[in-house]
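Structure, as structure tokens:
Letters A, B, ... mirror the listed sequences (proteins, then strands); counts begin at 1.
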Amino acid sequence: MACMIPTGFRALPLSITQLSLAAVLQCGQSFRWNVFPLFSDGAFQDNLFPTHEYRLCLRDRVVCLRQTPDILFYRSVLPGPPPLPSEDVLREQETLAWLRDYFQLDVDLIELYEQWGKRDPVFRNCRERFAGIRMLRQEPFENLISFICSSNNNIVRITKMVKTLCKHYSPALLSLPPPTDAECSSASDASLEVESYHPFPPPSILAASDISATLRTLGFGYRAEFVQKTAKMLVDAHASEQLGHASLEPAEKWLCTLRQMSTSEAREELLKFMGVGRKVADCVLLMSLDKKEVIPVDTHVHQIAVKHYGISSSSKAKGNMTSKLYDEVSSKLAAVWGDYAGWAHSVLFTSDLKAFASYGLPSPSQSPSVKERTPKKSCRSEIVSGLATPPATPTPQSSSSKRKRAIIKASSKDGELDLLPSVNDGLNMADRVKRRRRAAVTKAAEISVVA
DNA sequence: ATGCAACCTTCC
DNA sequence: GAAGGTTGCA
């Protein structure tokens, strides 16, 4: 009984233990997927029918996905008239190629879960309930801007902001009605309302000087300046490069080249941007730059580390994340999980999202907020003073923000990695540039230690 | 070099 | 007051 393929979709055999759309697309990696419940009541719970459709607008097409425990259904919609059957085959081949890349389907998640389970008893506890959580491979620019918006913010609002950004600064690629399931008559009837789909805006658009003021009115708060300035830094630094009319702007292509760099070198580059500190940089490294071992440490990951992995909750008085504490948590967890530590971190992180307690339920729309977490008790009560002892870990890399402006101006972007001696002397204001270059060396040493 | 307030807004 | 922090200044 397999002929349950929704009309217009193609079927890719794929276990939900390898990929759970419900988990991965709503756990705060990407903020741009649209989610549609397919059935208004719980009529079909036999797992033969997908319960949701997920849609994402790419540059040239809208990708639509549905899922059963064993099959991933996919189709794509392009602007213009319906394609000829021959064209359609090609397009869906392209879409399939995109899927493999975006979901990194060549990585065997079962094997990873197995390894993490062997290494970590804590992981073994949550892996049953939260299978199929893997890292997406996103576009770096979108990822960067999205996580600049994430600072001091929650998933619900980040999602609103990112979608607002697209609606305002990117023309609609096409419009679609909400999904209706032809096989099942219980399709949504009342909503004939079509919705427009917008790609993520390119750097050149967001770099315009008047953008930040507008973003303020759109509710971005202080992040408005960060977004505009980062986009401008990016465009200014890479405007000279060939401006072929390809789908990606030079600045976006350059961001992709960070994938070829070492983790620490790529991080150094990211830290130059306004609104990008260690945590945001690490998110981008992990989620779009192939740095699978990187563990972004936020307050929540910190809580997990304190609760389950023996990190002392001694952050002075207030629970603020110091650079030192960040490294302590990050290296501890990296040691526990190994090579794909960043991926493992995502499983733990997602498993703690309270909203996912109601996974298979028919109507997730009733709980649009994905941000709530399991009740966490404030660990402030147990303030141990300076017991945070022996990190012995290599040097952190402070993201002294004062550098950010100057460096961008001064740095010619290629062929400048002069290998200065990695001495730890006192650093004046004037030495910050030097210090930045030196960082590459320091971090290189760091890598070998971690590895 | 470390520590801390301020920052925009929304939601619990 | 906290939300998946970062910045700028003591």
Between C:dA3 and B:dG3, how far is it from one C1' atom to the other, in whole Å? 22 Å
Mind checking A:Arg216 for me? I need base, sugar-phosphate or nothing, with any heavy atom below 4.0 Å counting as a touch. sugar-phosphate
Can you tell me the pairing partner of B:dC8 across any strand shown, Watson-Crick or G-U wobble, with both distances under 3.5 angstrom? none
Hey, are A:Glu225 and A:Arg223 close enough for a salt bridge, meaning a charged N less than 4.0 Å from a carboxylate O? no
Just to be sure I understand the rule, does A:Met161 reach a base, reach only the sugar-phosphate, or reach nothing, if contact means heavy atoms closer than 4.0 Å? nothing
Rounding to the closest angstrom, what is the interatomic distance between C:dA2 and B:dC4 at atom P? 16 Å
Side chain to side chain donor-acceptor pair (under 3.5 Å) between A:Gln18 and A:Asp108, intermediate numbers included: CA-CA 7 Å; A:Gln18 286 285 357; A:Asp108 185 354; 2.7 Å; yes
Is the phosphate of C:dG5 approached by A:Thr299 (side-chain N or O, under 4.0 Å from OP1 or OP2)? yes
Searching all strands shown, indicate the nucleotide that pairs with C:dG4 (Watson-Crick or G-U wobble; both distances under 3.5 Å). none
Which nucleotide wins on minimum distance to the side chain of A:Met274, given the candidates C:dG8, B:dT10, C:dG5? C:dG8
Just compare C:dT6, B:dC8, B:dC11 and give me whichever is closest to any side-chain atom of A:Ser151. C:dT6
Taking only the P atom of each, what is the distance from B:dC8 to C:dC9 in whole angstrom? 14 Å
Donor + acceptor pair across side chains of A:Gln228, A:Ser209 (<3.5 Å): no
Whole angstrom value for the distance that separates C1' of B:dT9 from NZ of A:Lys160: 10 Å
What's A:Val297 touching, base or sugar-phosphate or nothing? Going by heavy atoms closer than 4.0 Å. nothing
Measure from the side-chain N and O atoms of A:Ser20 to the backbone N and O of A:Ile16, and report whether any donor-acceptor pair falls under 3.5 Å. no
Determine the interatomic distance between C1' on C:dG1 and the same-named atom on B:dC7; round to the nearest Å. 15 Å
Distance-only donor-acceptor test (3.5 Å): side chain A:Tyr326, base C:dG5: no
Between C:dG4 and B:dT2, how far is it from one C1' atom to the other, in whole Å? 24 Å
Side chain of A:Asn152: nearest nucleotide among B:dC7, B:dC11, C:dG4? B:dC7
Given atom CZ of A:Arg278 and atom P of C:dT7, what is their separation to the nearest angstrom? 14 Å
No-H, no-angle donor-acceptor pair, A:Lys279 side chain to C:dG5 base, under 3.5 Å: no
A:Glu252/A:Arg59 salt bridge by N-O under 4.0 Å criterion: yes
Testing B:dT9, C:dG4, C:dT7 for proximity to the side chain of A:Phe226, the answer is C:dT7
Are the charged groups of A:Arg278 and A:Asp282 less than 4.0 angstrom apart, N to O? yes
Side chain of A:Val280 only, heavy atoms from C-beta on: which candidate in B:dC8, C:dT6, C:dG4 is closest? C:dT6
Taking CZ from A:Phe220 and P from B:dC8, how many angstroms apart are they, rounded to a whole number? 14 Å
